[in-house]
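Please read the structure below before turning to the comments.
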Protein chains: 2
Amino acid sequence: MNTNRKKNLDSNDAKEIAVTAVTQDAYSAKPAPRVVPTPSVRRLPLYLRLLRDYVAQGRETISCTRLAADLRFDPTQVRKDLALTGVVGRPKVGYPVAELIAAIEDFLGWRNPVNAVLVGVGSLGTALLGYNFSLHGVNIVGAFDAAPEKVGQVVHGREIMPIGYLTHFIQHRHIPMGILAVPAQAAQSVAEMMVAGGVRAIWNFTSAALQLPLDVLVERADFSASLAVLTRALAHGLAPTPPKIP
Amino acid sequence: MNTNRKKNLDSNDAKEIAVTAVTQDAYSAKPAPRVVPTPSVRRLPLYLRLLRDYVAQGRETISCTRLAADLRFDPTQVRKDLALTGVVGRPKVGYPVAELIAAIEDFLGWRNPVNAVLVGVGSLGTALLGYNFSLHGVNIVGAFDAAPEKVGQVVHGREIMPIGYLTHFIQHRHIPMGILAVPAQAAQSVAEMMVAGGVRAIWNFTSAALQLPLDVLVERADFSASLAVLTRALAHGLAPTPPKIP
DNA sequence: CTCCAATGGAGAATTTATTCTCGATATATG
DNA sequence: CATATATCGAGAATAAATTCTCCATTGGAG
């Protein structure tokens, strides 16, 4: 009964297709739709990965039929997802690969990485520090840990700072994102420090359910959800193999 | 149009509530529903985590109202999710905590862990080997890597074996699950080896879109999906802060 | 013992996501 | 130049997930 937040802006989204640049470029961008399905956002990186492969193979255009076949998706779903980026395809040809890549990166904010801090330099935290997420929209610019013996160590080029500095560091450098890789018991209090510093989003690798202000976006990344899907399927005679007899 | 696999058995699921053991236990199990929403399965571990906290606090029963408040979920959603386990609650009291825990673990198959092999002992693979997933339904019983210098090393108590042994190992020990933590370029070929060995599910930490038989369940665990949600939100003025004005 | 308030259960209603259908368009072919 | 066909775009139809509504039950208060 409460979630009427988009009711007031979903009435004017169907009447402004292809008004811009009808003539010259043919691959013209449409205004991006205002409301975006989260599952589509999650799928976009998959397209991106594949599109880069196509570039490596020298392709300049790609049809959604082909994309769908490679991903085992429904072609219509691919079209709807790609429509989010505003790139338009051409009949009989497909979408321009290079433009699509750029548009997806733009859409996801992956051309302008945001800064982030990571807290909890255990085995997972260390692994995360080892990745370079700058092509995925995130730069980890600080690492923190509660264990005094870890403070001062340098892991993957970053010196570990004490938790006591966390809030001030975030505040002072205007860090918008925190990565939580601490033990579950510590999660809530560390998350609160992050929020106190002004973080607007948290990537939560712990199994804790965080209690935070509603305007802080928490993305759950702990392993138990996907494990649940896998083990449940294996225990109960596996996913019933969608028959698909069209 | 094709997915009519449940149509023929959804007619007889509403008329047999609380027929078993009406008198003595009161917390009687109902027959589990046949079709299960995946989002619900993903949420079950969250309940489990919270329920264990409640046990630690000495609670014996818990209302879905309270659970929902702690998780910021809708109470009805909590009820529907818990109904999957077959545990029934009592008005004015709530659900029996201990029974719920057991029922969720059973439902997810977490009381009888399945064996799994892990391939790719890089930083992420090493971190995964360090976790003990046996309370989450999985025992990693073998680790493999392509790099000759890693083979023979012992990581978190497991000796790394050469990739060449992978298929035979899976086949011989009837391993139902593979964990993919290799570089994306190697993902497809390693996945095929796993499938050749007889694996029925793959936990895929790579960014590759695997092309495998449809009866092999692939659960995507790579980081790009959740990063996409986070960075897109941060780039475009964040999740519109659900106003919640009831 | 009777009434009240909290609660779970079931199904309906709504919202969200996916898939289907159709028409338009651009390229290739003859 | 005319025609056939692969493809996209949009909207409709379907399916899935979430939320709402109502009712029955239970324990506690008076």
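Chain A is the first sequence line, chain B the second, and so forth, proteins listed ahead of strands; every chain is numbered from 1.
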> Nearest-Å distance, CG (L82(B)) to P (dA10(C))?
Replying inline: 13 Å

> Quick one: side-chain hydrogen bond (donor to acceptor under 3.5 Å, both in side chains) partners of Q188(B), sequence neighbours excluded?
Replying inline: E192(B)

> Do E105(B) and R52(B) sit within salt-bridge range, that is, some charged N less than 4.0 Å from a carboxylate O?
Replying inline: yes

> 5'-most contact on DNA chain C: T65(B) or V36(A), nearest heavy atom basis?
Replying inline: T65(B)

> Between R43(B) and S63(A), who's closer to the 5' end of DNA chain D by nearest nucleotide?
Replying inline: S63(A)

>> Applying side-chain contact (heavy atoms from CB on, under 4.5 Å), can you list everything that pairs with A235(B), at least two apart in sequence or on another chain?
In response: none

> Can you list, by residue number, the residues of residues 69-81 of chain B that have a non-hydrogen atom closer than 4.0 angstrom to DNA chain D?
Replying inline: D74(B), T76(B), Q77(B), K80(B)

>> I want to check something: taking the side chain as every heavy atom from C-beta on, are C64(B) and Y95(B) in contact at a cut-off of under 4.5 Å?
In response: yes

What are the atom names and distances for every N/O pair under 3.5 Å that joins the protein to nucleotides 26-30 of chain C?
residue : atom : partner : partner atom : Å
dT27(C) : OP1  : R90(A)  : NH2          : 3.2

> If you look at every strand shown and take non-hydrogen atoms under 4.0 Å, does R66(A) touch a base, only sugar-phosphate, or nothing?
Replying inline: nothing

> Between dA6(C) atom P and L67(B) atom CG, what is the distance in whole Å?
Replying inline: 18 Å

> R42(A) CZ to dT16(C) P: how many Å, rounded?
Replying inline: 17 Å

> Y95(B) has an atom OH; how far is it from atom P of dT26(D), in whole Å?
Replying inline: 15 Å

> Is there any ring-ring contact (aromatic ring centres under 6.0 Å, His included) pair reaching into residues 202-231 of chain A, and which pairs are they, with sequence neighbours excluded?
Replying inline: F133(A)-W203(A), W203(A)-F205(A), W203(A)-F223(B), F205(A)-F223(B), F223(A)-Y131(B), F223(A)-W203(B), F223(A)-F205(B)

>> Which nucleotide wins on minimum distance to the side chain of P37(B), given the candidates dT7(C), dT18(D), dA17(D)?
In response: dA17(D)

> Can you name the side-chain contact (heavy atoms from CB on, under 4.5 Å) partners of T231(A), sequence neighbours left out?
Replying inline: L108(B), W110(B), V138(B)

> side-chain contact (heavy atoms from CB on, under 4.5 Å) with A225(A): which residues, sequence neighbours excluded?
Replying inline: R220(A), R42(B)

>> Applying side-chain contact (heavy atoms from CB on, under 4.5 Å), can you list everything that pairs with V119(A), at least two apart in sequence or on another chain?
In response: F144(A), I163(A), L166(A), V182(A), V190(A), M194(A)

> So which pairs with a foot in residues 43-70 of chain B pass ring-ring contact (aromatic ring centres under 6.0 Å, His included), sequence neighbours left out?
Replying inline: none

